[in-house]
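Residue numbering restarts at 1 for every chain, and letters A, B, ... go by the order of the sequence lines. Just so it is clear, the values below take in all heavy atoms, side chains as well, and ignore hydrogens, waters and symmetry mates.
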Amino acid sequence: LYSYNTLLIQLGKFEMVGVAQNVYKEMMNSGIKPNLLTLNSLINILCKKGKVQEATLVLSRIFQYDMNPDVFTYTSLILGHCKNSDLDSAFRVFGRMVKEGCDPNSVTYSTLINGLSNVGRVDEALDMLDEMTEKGIDPTVYTYTVLLTNLCRFDRVKEVSHLFADMRKRGCHPNEHTYTALISGLFRSGKLEVATGFYHKMLRDGLVPNTVTYNTLINEWCKGGKFVSALKIFDWMERRGSLPNAKTYNEIINGFCLEGYIEKAMVLLNKMLKVGPAPTLITYNTLINGYCKQGNLNNARRLTDLMKEKGCEPDVWTYTELISGFCKWGKLDSATGVFNEMSGRGLTPNEVTYTALIDGHCKEGNVDFALSLVEKMEESGCYPNLKTYNAMINGLSKEKRYAEAEKILGKMVEKGLLPN
RNA sequence: UCCUAGAACCUAACACAC
């Protein structure tokens, strides 16, 4: 039992759901009776991936064994619902645990606060912070970090400094994670100086930036026209004790692509293949996108072969990049070919894929065909978003079909989409 | 008072200008 539990816990850290489920089955087959720890670990692994249905099945086993779920069980379930943006269910579980006499703790609250703010309900999240305080549950650095991240994400930067001061007053000291989250959130909302201000504050606090911190800076600088600074960090971060990981390399590769130096990006890919860190699906997708953007679709294709050879299966992003690439260079037939190929490989096109193709057809003057694609995507349960409609409106306007363009505009407003 | 629960970083589609 102890070995199985340890194994499950480790698998959870690496988010290896499938393996964990097999281990659990094996355990059941060999007649070992799981305890609450076993089932909690399994529930958590499933919930981290949003597989609440399956987690609920495991929950019923807890009852079968006549055990009682504890805070760990409930908090994991709440997490699962939050991952699915299903806050109603999350609160249902929350209510249930209270009714069963199981007291939520600061982790439970942080999970809910994170769930709320991830769907934009930041005010309610802030209310929960008050609620937990009233109940005598002390918020932790985690709690504050979650809130700070989301205040940045939703452009409420003004409230950041208040909350930041608050947390220190209450004895919660921002750590590397907190600062990195702040920097990242501020970058995302375009507050570059404020972000770098926090970076320096972090150093003044005596905290040591880690790989994620550097990745955050590198990513921003690669995209914001400060590629040289990004490269500098990449160069010395290892000497400062932070090993570059695959994400670091992916960001630099993207930087090289954006600057038009694909060959340099390819040198990095080869380095990754030879000495690591091992390239990921995103590494290949980044390079494929680079080639697509510069119109070198042969090389883009070649890379999809290479990635398969190396054990990375192309995903929806890969195919969407190719489709967009072919469209951009007027090769609509090839784009359609890729679209069919991807369906043939069991991948479902999403709204981005459709938009790429729709835009391609609009730009080639096949506006009517584009319109039929919009219908097709709706039929397949994939809903046009702002960008899809923008592409259509643009296509129709260029053909001077203004009445139809305005009809689309009306339709998107009807659907609650805010035109930009 | 042992083991399990919560936070940060990478890739694709739309206008304008070029």
Side-chain angles (χ1 to χ4, degrees), chain A residues 2 5-6 8-9 12 35-45 47-48 70-79 82 105-115 140-150 175-185 187 210-220 222 245-255 257 280-290 292-293 315-325 327-328 350-360 362-363 385-395 397 420:
Chain A
Y2 179 82
N5 283 352
T6 314
L8 280 174
I9 292 163
N35 63 11
L36 187 58
L37 174 56
T38 320
L39 300 172
N40 277 351
S41 306
L42 192 60
I43 288 178
N44 181 249
I45 297 174
C47 286
K48 267 187 191 152
D70 63 4
V71 211
F72 290 86
T73 325
Y74 287 119
T75 304
S76 292
L77 287 167
I78 290 173
L79 172 70
C82 288
N105 60 19
S106 71
V107 179
T108 318
Y109 272 100
S110 304
T111 308
L112 268 172
I113 287 176
N114 191 36
T140 63
V141 186
Y142 270 77
T143 322
Y144 281 108
T145 303
V146 168
L147 281 167
L148 288 170
T149 309
N150 288 296
N175 58 21
E176 296 83 353
H177 219 112
T178 316
Y179 276 109
T180 306
L182 274 171
I183 295 167
S184 155
F187 275 151
N210 58 26
T211 302
V212 180
T213 318
Y214 289 129
N215 284 354
T216 306
L217 298 175
I218 289 175
N219 180 42
E220 173 60 32
C222 281
N245 60 18
K247 291 186 186 184
T248 322
Y249 276 83
N250 292 346
E251 291 168 357
I252 295 288
I253 285 177
N254 192 34
C257 289
T280 62
L281 172 63
I282 295 185
T283 315
Y284 292 106
N285 283 350
T286 308
L287 284 158
I288 288 169
N289 187 44
C292 286
K293 288 276 147 61
D315 70 350
V316 187
W317 286 59
T318 321
Y319 285 108
T320 304
E321 289 169 354
L322 288 169
I323 289 169
S324 158
C327 286
K328 207 144 264 153
N350 62 21
E351 63 278 8
V352 181
T353 320
Y354 275 108
T355 305
L357 200 56
I358 286 167
D359 183 54
C362 283
K363 295 223 164 75
N385 62 21
L386 175 67
K387 294 188 182 189
T388 320
Y389 287 125
N390 280 348
M392 270 321 316
I393 290 175
N394 181 41
S397 303
N420 63 9

**Prompt:** Do we count A:Trp317 as stacking onto B:U11 if the rule is ring centres under 5.5 Å and planes under 30°?
**Reply:** yes

**Asked** When you check the phosphate oxygens OP1 and OP2 of B:C10, does a side-chain N or O of A:Asn219 lie under 4.0 Å from one of them?
**Response** yes

**Message:** Between A:Lys328 and B:A12, is there a contact of a side-chain N or O with OP1 or OP2 at under 4.0 Å?
**Reply:** no

**Item:** B:A12 base / A:Asn350 side chain donor-acceptor hit below 3.5 Å
**Value:** yes

**Request:** Round to the nearest Å and state the distance from A:Glu220 atom CD to B:A8 atom P.
**Result:** 18 Å

**Message:** In this structure, how many angstroms lie between the C1' atom of B:G6 and the CG atom of A:Leu79, rounded?
**Reply:** 7 Å

**Complete:** Taken to the nearest whole Å, CG/A:Leu357 to C1'/B:A12 is 14 Å

**Request:** Would you kindly check whether a donor in the side chain of A:Asn385 faces an acceptor in the base of B:A13, or vice versa, at under 3.5 angstrom?
**Result:** yes

**Asked** Taking only side-chain nitrogens and oxygens of A:Asn394, does any of them come within less than 4.0 Å of OP1 or OP2 of B:A15?
**Response** yes

**Message:** Counting the atoms with a prime plus P, OP1 and OP2 as sugar-phosphate, which does A:Asn5 contact under 4.0 Å by heavy atoms, base, sugar-phosphate, or nothing?
**Reply:** nothing

**Fill in**
note: A:Asn114, atom CG; B:A7, atom P; distance rounded to Å ~ 6 Å

**Request:** Classify the side chain of A:Asp70 versus the base of B:A5 as yes if they form a donor-acceptor pair under 3.5 Å and no if they do not.
**Result:** no

**Request:** Report the nucleotide, chosen from B:A13, B:A7, B:U11, that has the shortest atom-to-atom distance to any side-chain atom of A:Ala356.
**Result:** B:A13

**Prompt:** Which whole-number value in Å describes the distance from A:Leu287 CG to B:A12 C1'?
**Reply:** 14 Å

**Request:** Round to a whole Å and report the spacing from CZ of A:Phe72 to C1' of B:C3.
**Result:** 9 Å

**Prompt:** Has the side chain of A:Thr140 got a donor or acceptor that lies under 3.5 Å from a partner of the other kind on the base of B:G6?
**Reply:** yes

**Item:** Between P of B:A7 and CG of A:Asn105, the distance in whole Å
**Value:** 14 Å

**Request:** With A:Asn285 as reference, evaluate A:Thr318, A:Asn254, A:Asn250, A:Thr280 under the side chain to side chain donor-acceptor pair (under 3.5 Å) test and give the passing residue.
**Result:** A:Thr318

**Asked** Would you say the base of B:G6 and the side-chain of A:Thr111 have a donor-acceptor pair closer than 3.5 Å?
**Response** no

**Asked** Between B:A12 atom C1' and A:Glu351 atom CD, what is the distance in whole Å?
**Response** 11 Å

**Prompt:** Looking across every strand, which nucleic acid part, if any, lies under 4.0 Å from A:Asn175 by heavy atom: base, sugar-phosphate, or nothing?
**Reply:** base

**Message:** Just N and O in the side chain of A:Lys48: are any of them under 4.0 Å from OP1 or OP2 of B:A7?
**Reply:** no

